[in-house]
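The block underneath contains the structure these notes are about, expressed in structure tokens.
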Amino acid sequence: MPPLPKRKLSKGRRDRRRAQDALKARNLVQCSNCGEMRLPHTVCPSCGHYKGREVVEVEKE
Ligand SMILES: [Zn+2]
């Protein structure tokens, strides 16, 4: 037998715990090169630019 909680958690307590489980939207900034939304402090996934005109990776179909 594994260790088990002594008492059942009430619906209210359970729901209060789960109230903070939802994922919040990641904050996005607009790329200064192409205008796409991207995560801050990352190379832009759509144009490969970072901090002005630093080309790190370019992917095109
Ligand atoms: Zn970009």
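Any value given below was found using the heavy atoms of this structure, including those in side chains, with hydrogens, waters and symmetry copies removed. Since the model is a prediction, treat every value here as computed from it, not as a measurement. Counting starts at 1 for both ligands and their atoms, in listed order.
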Discussion item. Quick check: closest heavy atoms across Pro40 and Asn27, and the distance to 0.1 Å?
Written reply: CD-O, 3.2 Å
Worksheet item: Atom CD of Glu36 and atom SG of Cys47: how far apart are they, to the nearest 0.5 Å?
Response: 8.5 Å
Worksheet item: Is atom CZ of Arg13 surrounded by more than 12 heavy atoms (other residues, nucleotides or ligands) closer than 6.0 Å?
Response: no
Worksheet entry | Leu23 atom CG, neighbour heavy-atom count above 12 within 6.0 Å | no
Response to the item:
For the Zn ion (ligand 1), protein N, O or S atoms at a distance below 2.8 Å amount to 4
Worksheet item: What's the spacing between Met37 CE and Ser46 OG if we round to 0.5 Å?
Response: 11.0 Å
Worksheet item: At their closest point, which heavy atom of Pro45 faces which heavy atom of Arg38, and how far apart are they?
Response: CD-CB, 3.8 Å
